[in-house]
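Here the structure is laid out as structure tokens; the discussion comes afterwards.
Not measured: the values here are computed from a predicted model. In the text below, chain A, chain B and the rest are named by the order of the sequence lines, each starting its count at 1. Note that these values count all heavy atoms, side chains included, but never hydrogens, waters or copies made by symmetry.
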There are 2 protein chains.
Amino acid sequence: METTWEDQLRTAGLRVTRPRRAVLQVLAERPHADVDTIVTAARVLHPSLSPQAVYGVLEALVAGGLARRIEPAGAPALFELRVGDNHHHLVCRSCGAVADVDCAVGAAGCLTPSDTAGFVVDEAEVVFWGLCPACRVQTPPETARVPEHHDRGGVRA
Amino acid sequence: METTWEDQLRTAGLRVTRPRRAVLQVLAERPHADVDTIVTAARVLHPSLSPQAVYGVLEALVAGGLARRIEPAGAPALFELRVGDNHHHLVCRSCGAVADVDCAVGAAGCLTPSDTAGFVVDEAEVVFWGLCPACRVQTPPETARVPEHHDRGGVRA
DNA sequence: CGGTTCTCTTGACTGAGTCAAGACAACGAC
DNA sequence: GTCGTTGTCTTGACTCAGTCAAGAGAACCG
């Protein structure tokens, strides 16, 4: 890590506080963590941390460009520190695990819709649904966070 | 409509009921409707219809392949009858309006991730975020359903 | 028409996330 | 260092989408 959390927070115009350092620390260790996971893990560093504080911290981090929120359908929001690079996500239908994927074809042009219906598009979000290596071989764990759903009509890979 | 709702329901192994006909009717008139909209509109045809019944009907329709559920981040789930064709969605960040887009490049191969990290991918879901024609020219209406969010780090179009 | 089975209604409940008020802590100035 | 301002966190009540469960009711089969 070249720049410290302090530097990044200050650069974004944010004060450096204990809750923020704790949340950043947790996110660095666990990419794609949900709020509950972050609260639990961050309490090791800051026991009195409240869930609402974490919501506030994450909102500030996202607004400041230090973190990114991802919201897979049917699961609570996840947060990650990888920002500014065109990467997408693989999500396990069974256990909810998330993995990063670099942009499908390298060029964003691939994802320009043919007909935008008058919309001004500023972002293309891609989610690949499937089964992670662990769930592929064993019976789905009951810790599943993404409800089983039938074909959602998307692109067959 | 070549085949009737009745035919489609029966083909899917579902009984033909009043709530189901009402929901299908509403979805045919309003693509991308949320549960609340469906309940309200369907009550014109079936006044005693309960929200829970609609959840049940929609679950049955999705499981039977008659409908598809889409869940834009930060908004309640939407449902549509277009199934089985590789189409994606444009979502307005301001008012939550949704429009259909045909598959970006025509070929699903475009959306095969380069490195699947061991995942078995069965679907690629694409959401284009932007502003709809109406919100582009006027101040955002307070009926906005998608919270304003900063850059989410996705592909810049 | 009658029985079986699926579906709907009613109502209580969960879980993620939001809102608001006041206490507290970080930063800048002196 | 300390003081004041301002942004941030804590506490607690609340909203909203969606789920669960039990019993009433309707659709389909014979």
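- Under the 4.0 Å criterion applied to side-chain N and carboxylate O atoms, B/Arg68 and B/Asp100 are not assigned as salt-bridge partners.
- Listed for the B/Thr11 side chain is a donor-acceptor partner under 3.5 Å among the backbone atoms of B/Asp7.
- B/Glu71 contributes a side-chain N or O that, together with a main-chain N or O of A/Gly74, makes up a donor-acceptor pair within less than 3.5 Å.
- When the ring-ring contact (aromatic ring centres under 6.0 Å, His included) test is applied to B/His89, the partners found at least two apart in sequence or on another chain are B/His32, B/His87.
- Residues in residues 11-27 of chain B take part in these salt bridge (Lys or Arg N to Asp or Glu O under 4.0 Å) pairs, two or more places apart or across chains: B/Glu6-B/Arg21.
- Side-chain contact between B/Leu66 and B/Val83 is absent, with no heavy atoms from C-beta onward closer than 4.5 Å.
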Under 3.5 Å, side-chain donor or acceptor atoms of residues 48-63 of chain B against the rest of the protein: list the pairs with distances, not counting sequence neighbours.
unit_1, atom_1, unit_2, atom_2, d
B/Ser48, OG, B/His46, NE2, 3.3
B/Ser50, OG, B/Ala53, N, 3.2

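- Using a 4.0 Å cut-off between charged side-chain N and carboxylate O, A/Arg93 and B/Glu123 make a salt bridge.
- Within 6.0 Å of atom CZ in B/Arg43, more than 12 heavy atoms from other residues, nucleotides or ligands are found, so the atom counts as buried in its surroundings.
- End-to-end axis angle of the helix from C/dC1-D/dG30 to C/dC30-D/dG1, using five pairs per end and rounding to 10°, comes to 40°.
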Its contact letters, B for base, S for sugar-phosphate only and - for none at protein heavy atoms under 4.0 Å, make nucleotides 24-30 of chain D read --BBS--
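- The main-chain N or O of B/Gly130 is never found under 3.5 Å from a side-chain atom of B/Arg136 such that the two would form a donor-acceptor pair.
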With sugar-phosphate taken as primed atoms, P, OP1 and OP2 and all else as base, the protein-contact string of nucleotides 9-16 of chain C at under 4.0 Å (heavy atoms; B, S, -) is BBBB---S
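- The interatomic distance linking A/Leu9 (CG) with D/dG7 (P) rounds to 16 Å, in whole Å.
- The nearest whole Å value for the distance from the CG atom in B/Leu58 to the P atom in D/dA17 is 14 Å.
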